[in-house]
Amino acid sequence: MDLHSCLNSYFLLLLLCLLNITTINSTKPLEQETVLFGGNFPAFYVIGDSLVDSGNNNHLTTMVKSNFPPYGSDFEGGKATGRFSNGKTIADYIAIYYGLPLVPAYLGLSQEEKNSISTGINYASAGCGILPQTGRQIGTCLSLSVQVDMFQETITNNLKKNFKKSELREHLAESLFMIAIGVNDYTFLFNETTDANEFANKLLHDYLLQIERLHKLGARKFFINNIKPLGCYPNVVAKTVPRGSCNDALNFAVSIFNTKLRKSLSRMTQKFIKTSFLYSDYYNYMLGLRGPSSNQVGSSLLNVTSPCCPNVYDGGQLTSCKPGSIACKAPDTHIFFDPFHPTQLANYMYAIACFHERSICHVILED
């Protein structure tokens, strides 16, 4: 074994010991002092894209699916549920932290199940975005507005059967609403000729409209996840020079939206009484995993540039994790499970940074 391999093994052993890796597959809440953002939520409603999709795309006519091995190899029972990882997503770890069940996919529920569930539903759809046209190139898509439509249907068709009017108002006001969407708008609709500021303004306008819709429907507690640094993901860095370095221009465009979003949420705390926002800086979390410099190739002892699946990745447009793809033997040595999505380890480390270290998740206060 060469020096690099020895260092990798030592680093991973140390990392896993520090994180108490056995809890990765646990469904028990992480230990904490005062619960971040209060807790005691009766339900958790998830809106977003593939980062948090728990299986909605299984039921759509789309090329973007993950309901096959090697996805889910480290999930409960080794089952591929439609989550775009080898295991749990960040939405799963948020549910665990707050002592709630893992949130089921809306399209996978029967009418009877929809009527009986009161602890939350996941509406997220991989490949989709803030804008209605995003993701249509790959099939049927549940855009941000469509997901909010589905939540409205849940209230009308299901929750109103379980709660009296006053009880329903309290249930919605005390529930946690997660929104994690927007990167696919940049993937499909943004290019070198696009004005980054105008594009961010357009996205933000539509994004805030949907927050206002949720507020009118009764939502009061929001968990807002900003957009990831797309320019550092394997499908992008495979084409950069030197290979593995981030696309700074693309990351800068994304950061413009993130900055505008953060400022807008501060204003919304003034506009909406008794409404709270927890802002999750997923962008800088993922950048931090690369090491001291976002453009320092191989700055981490974990593999931060290549996916675990497929094990051999050439960066081709059609090269991805498919049925029959051979994955790496140790996903915990990688940040990315496939060219677009993190491993369970990266998602677990996110939960540590958000809830234990509290370095990337903050409750937004008025300006």
Side-chain angles (χ1 to χ4, degrees), residues 47-53 57 62-64 84 124-148 179-211 224-241 243-265 279-287 289-290 294-295 304-305 307 315-320 335-336 338-342:
I47 290 170
D49 53 31
S50 56
L51 184 66
V52 291
D53 188 351
N57 272 34
T62 174
M63 294 186 288
V64 185
F84 287 79
S125 179
C128 306
I130 297 169
L131 302 178
Q133 62 267 39
T134 296
R136 287 184 179 177
Q137 304 91 323
I138 53 178
T140 307
C141 230
L142 307 180
S143 67
L144 176 57
S145 63
V146 170
Q147 292 181 43
V148 176
I179 304 178
I181 199 166
V183 69
N184 292 312
D185 297 285
Y186 284 89
T187 299
F188 290 107
L189 303 177
F190 187 87
N191 57 51
E192 294 177 354
T193 65
T194 306
D195 184 291
N197 194 59
E198 290 181 4
F199 189 74
N201 285 338
K202 179 175 178 57
L203 291 183
L204 186 66
H205 175 268
D206 286 23
Y207 191 106
L208 296 180
L209 280 179
Q210 299 312 315
I211 289 183
I224 305 295
N225 203 67
N226 70 9
I227 299 179
K228 67 187 183 184
L230 181 61
C232 293
Y233 273 55
N235 60 307
V236 174
V237 301
K239 307 178 187 74
T240 55
V241 179
R243 182 180 171 119
S245 60
C246 297
N247 182 326
D248 285 337
L250 182 55
N251 278 350
F252 180 70
V254 169
S255 71
I256 291 175
F257 172 83
N258 287 339
T259 300
K260 291 176 181 289
L261 174 63
R262 175 66 178 77
K263 291 180 179 178
S264 296
L265 295 178
Y279 183 78
S280 166
D281 191 358
Y282 191 77
Y283 177 93
N284 278 306
Y285 165 72
M286 289 301 291
L287 277 186
L289 292 183
R290 287 182 61 94
S294 64
N295 274 323
V304 299
T305 58
Q317 189 173 5
L318 301 178
T319 304
S320 191
I335 294 303
F336 299 99
D338 70 13
F340 315 96
H341 308 101

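Positions are given from 1 along the sequence. Note that the coordinates shown come from a computational prediction; the quantities given were computed from them, not determined experimentally.
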field: Partners meeting side chain to side chain contact (heavy atoms under 4.5 Å, CB included) with Leu208 (sequence neighbours left out)
entry: Leu204, Ile211, Ser264, Met268
Residues in ring-ring contact (aromatic ring centres under 6.0 Å, His included) contact with [X], at least two apart in sequence or another chain:
| X | value |
| --- | --- |
| Phe190 | Tyr186, Phe199 |
| Tyr283 | none |
| Tyr279 | none |
| Phe336 | Tyr233 |

task: Please check if any side-chain donor atom of Asp185 sits under 3.5 Å from a side-chain acceptor atom of Thr134, or the reverse.
output: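 On atom types as modelled, these side chains qualify, holding a pair under 3.5 Å.
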message: Can you see whether Asn57 engages Ser125 through a side-chain donor-acceptor pair at a distance of less than 3.5 angstrom?
response: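 Yes, because at least one side-chain N or O of Asn57 sits under 3.5 Å from a partner of the opposite role on Ser125.
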Considering only heavy atoms from C-beta outward, does the side chain of [X] approach that of [Y] to under 4.5 Å?
| X | Y | value |
| --- | --- | --- |
| Leu131 | Phe188 | no |
| Phe340 | Ser320 | yes |
| Ser50 | His341 | yes |
| Asn197 | Lys260 | yes |
| Asn247 | Lys239 | no |

Euclidean distance, Asn284 CG relative to Asn226 CG, rounded to 0.5 Å: 7.5 Å
message: Give me the atom names and distance for the closest heavy-atom approach of Tyr282 to Pro229.
response: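 Looks like O-CD, 4.3 Å.
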field: Heavy-atom pair with the smallest gap, counting every atom of Asn225 and Ala180
entry: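 Shortest heavy-atom contact: CB-CB, 3.7 Å.
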Residues that Thr319 engages under side-chain hydrogen bond (donor to acceptor under 3.5 Å, both in side chains), provided they are two or more places apart: Asp314
query: Are more than 12 heavy atoms from other residues, nucleotides or ligands located less than 6.0 Å from atom CD of Glu192?
result: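 12 or below, so no.
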